Amino acid sequence: MPKSSNSDSFWIRHLLRRAGFGASPEDLQHYLKLGYEGTVEELLHPESVNDDALNHKLKLQAFDYTNIDDLQRWWTYRMLSTKRPLVEKMTLFWHGHFATSDRKVKNPYAMYVQNMLFRKLCMGNFHEMLLAVSKDPAMIVWLDNQQNRKGKPNENYAREIMELFTMGIGNYTEKDIKEAARAFTGWQAPATGFFFSKGQHDYGEKTFLGETGKFNGDDIVRILVAQKATSNFLARKLCKFFVADAPDEALVQRIGQVYMDSNYNIKSMLRAIFTDDVFLSNKSYHAKIKSPAEFVIGTLKLLQINELDAGIPQAMEKMGQSLFKPPNVKGWDGGPAWIATDKMMQRFNFAAKMSTGRFNEVLKQSTPLQIVEKQGLNNSREIVEYFLALMLDSDVPASTQKRLITYVASDINGNPVDRIPDEKTLDAKLRGLTHLIMTLPTYQLS
Amino acid sequence: MTISRRDLIKNGLGAMALTFGANEFFNLAAQAANLAPRIPGASKILVVVQLSGGNDGLNMVVPYSLGPYYQLRPTIGIKPEKVLRLNSDVGLHPSMTALHDLYKVGKLAVVQGVGYPNPNRSHFRSIEIWQTGDAEKIAETGWLGRYLDVCCAGKEDLFPAVNVDPMLPKTLFGSKVNVPSVSNIEDFRFLTDPQYKPDRDVQIKAFNDIYDSFHLKRPHMDLLRKAGIDANLASDKLHQLVKKYSSDVTYPQGPFGNNLKFISQMITGGLNCSIYGASLDGFDTHTNQLRSQEGLLKQLSDGLAAFHSDLKKNNLDDDVVVLVFSEFGRRVAENGGRGTDHGTAAPVLVLGSAVRGGVIGSHPSLSDLDNGDLKYKVDFRNVYATILNRWMNCDSKAVLGQRFDELGFLV
């Protein structure tokens, strides 16, 4: 494939930002050995990758799945430490697609069960996924199907399954919604899990999207997954999530075709995306605004911070992404919507916390002086170049690099110095430098 | 030239190339100069409150005199004796005593049956219609964003409007302005390493220099630069204002009350800004709606009343009007879960000392329905046109694309 003129390493890092949450130096070594195509295949075949280290770590934490704070931390641990990053990324995709919030469900364990369902089916068949989600207890509570009964339909699930989960608005009528609601009557979820209540089900004939029959929810799902509109809708959403905030329309069409040709296989769509020329073009490089999950987990990986506290999910929440609590059934809008003034400030302040308090963990084994010595960095310019390359692919204008050098080559009162006077000043400047790099416009891009 | 968030989405990379060298947009000194305080009485302020999820208008302004209301809502209908009467036809939900008091002194107008042709029952499309003021096609800018484009063009204000909601509503998307969002003032401060206090100014100076000249051909670059620069400038300014505020008015606990209080802090502090956006979420009451809607309407009523009295104490109540709307009302008949599904028309509330209080228009029929839903009586753009023409002193046709008749809710 024509990966323009850049190196394999460049595109592997691009891939890992999109198909994962960035890469720690250790991860990167592993994937570089596999090469680009090898990395894509490993990401698509998580079952071939040993994830015992993560499982061991999770076990030690003894999470309480009935506690929402624990649940958030549990997921961030998975994102940070898994060797199967695409599984967690796709789980996040489905969480945003079938956006269900614990604010209403008020049952963290049901949210956990739903999350495990997303994880299990994340790269499988969309028909199977949609059917499983339609029977998922958290979803049934979230969109009120519990109250959808024969003769007294509740339209909530019927509407959203078409508007947000499959075809998108404009491809069905209000009548289709009413008929689909009848088909889903009796699909309930008491505490024990999915339950089909025969007494509450409307067995009558329905006409839905031009087909007529004594349809139940399975039939509605079957009809919906086969729609051309569904292939486009899902393809566009995947392209927005993985390629660009405003994806190339021809790419969307190609990926939609893969959906149809592969009998709704999600893995096939993903492979097609990651190996498409558009994905591997300069147009897609640093073309997406990082989501808070990408920003936070990516930063932790970069700084090799391995232990998480409640402050991590909270930081993501302040940036606009609270796991298990999407804003509404449409999920997170993503793209430019992540960049409100106050959300930007939250990113800066997370960066400040990482470069001050959290950085101490990184520095336990190596003082700033040791880092600089180990890397053979002799002056401000080399220090700035080293950290810009490490953290940001050096994707900044020359003026920025120059200004950062001026910053490092000054004392803590801002007076220029020929050489950094002491280790304390070096410590201040290294922390300040990493903070500033994380506030740069391009650091907000994936 | 400047470029908006919407243009970035629409045009992506292509448009980016045009904007390099757009330095005046980011000129810090020019922005700072525009921070002169607002002169009370010299301009008008609009606060827009969005009730997200589709507020059940029939249980907020109850048509207690109409028989079908109780037939169609056997378990969730509000009993006539509990209704806070506005006139012989309709009355407010019993939890809205504070707004009822303001109604009695002529500060609250209720516009009945507000909607638009061919109602859309999708939350997301219908809210977009209300936010953009365009019921036919998907517009890229909001009605107040266009107001700012039309009436405030040329002034690169830091605060053309302020959104206090966690999400910036499309209402405030303009093509020439970017509206800052500040949902929590406590967190809205640039942090640096507390160990090295003097380095803070050195860092911030580096940050500003870098952002001012960060020209790179990547998507979203202007949006990111503007947000970063605004974040620091706005944070300094807003912290100064909040410090000045001393009010003994009690707002209801929770984000909605806090946000109204924050808006009051900005207004009383003299922020030169004419539009504020806030929201209250949770109105999508498909199930067991009585209790959840009651709590929300109480927050709304208590919050707005506290806000009004706060402004009154500062002699600013004549300058401020509050508009309250939702994306749609709900189905007339209750569903099987003691809730209601998505519907159509609903009342709009307008509050303020400059408001001519009262009930405007007649209630939509409860027997002549469109597929179980109310037929709207008043186009929502009549409400917008009234506010634009009579309050914001702006030609509404330039914002709404056509002329809509004014309603009588402003003095």
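In what follows, every chain begins at residue 1, and chains take the letters A, B, ... in the order their sequences are listed. Bear in mind the structure is a predicted one, so any value in this text is a computation, not a measurement.
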- Pairing of B:Arg121 and A:Glu155 as salt bridge, 4.0 angstrom limit: no
- Item | Test item: A:Asp342 side-chain N/O and B:Ser183 main-chain N/O as donor-acceptor pair under 3.5 Å | yes
- Item | Partner chain A: residue of B:His123, B:Arg189, B:Met167, B:Arg200 with the largest heavy-atom pair count (under 4.5 Å) | B:Arg189
- Message: Does this structure show an ion pair linking A:Arg159 with B:Asp341, if we count only N-O contacts that are shorter than 4.0 Å?
- Response: no
- Item | Residues A:Val329, B:Phe124; criterion side-chain contact (heavy atoms from CB on, under 4.5 Å); working and verdict | CA-CA 10 Å; A:Val329 62; B:Phe124 308 104; 3.6 Å; yes
- Task: Under the side-chain hydrogen bond (donor to acceptor under 3.5 Å, both in side chains) rule, what do A:Tyr407 and B:Asp209 come out as? Steps first, then yes or no, please.
- Result: CA-CA 11 Å; A:Tyr407 167 75; B:Asp209 289 349; over 6 Å; no
- Under 4.5 Å from a heavy atom of chain A, the part of B:Lys205 involved: both
- Query: Under 4.0 Å between a Lys/Arg side-chain N and an Asp/Glu carboxylate O for A:Asp395 and B:Arg218?
  - Reply: yes
- Task: Show your reasoning for whether salt bridge (charged side-chain N to carboxylate O under 4.0 Å, His left out) applies to B:Asp199 and A:Lys429.
- Result: CA-CA 9 Å; B:Asp199 200 56; A:Lys429 291 295 162 179; 2.8 Å; yes
- For A:Asn413 and B:Pro198, work out which heavy atoms get closest and say how close. OD1-CB, 3.3 Å
- Item | CA sep, side-chain torsions, deciding dist, call: B:Leu191, A:Phe348, side-chain contact (heavy atoms from CB on, under 4.5 Å) | CA-CA 8 Å; B:Leu191 300 178; A:Phe348 297 166; over 6 Å; no
- Bottom line for B:Asp281: the part with an atom under 4.5 Å from chain A's heavy atoms is side chain
- Task: Test side-chain hydrogen bond (donor to acceptor under 3.5 Å, both in side chains) on B:Asp230 and A:Thr341 and set out the steps.
- Result: CA-CA 7 Å; B:Asp230 283 359; A:Thr341 332; 5.4 Å; no
- Message: Which atoms of B:Arg331 are under 4.5 Å from chain A, going by heavy atoms: the side chain, the backbone, both sets, or neither?
- Response: side chain
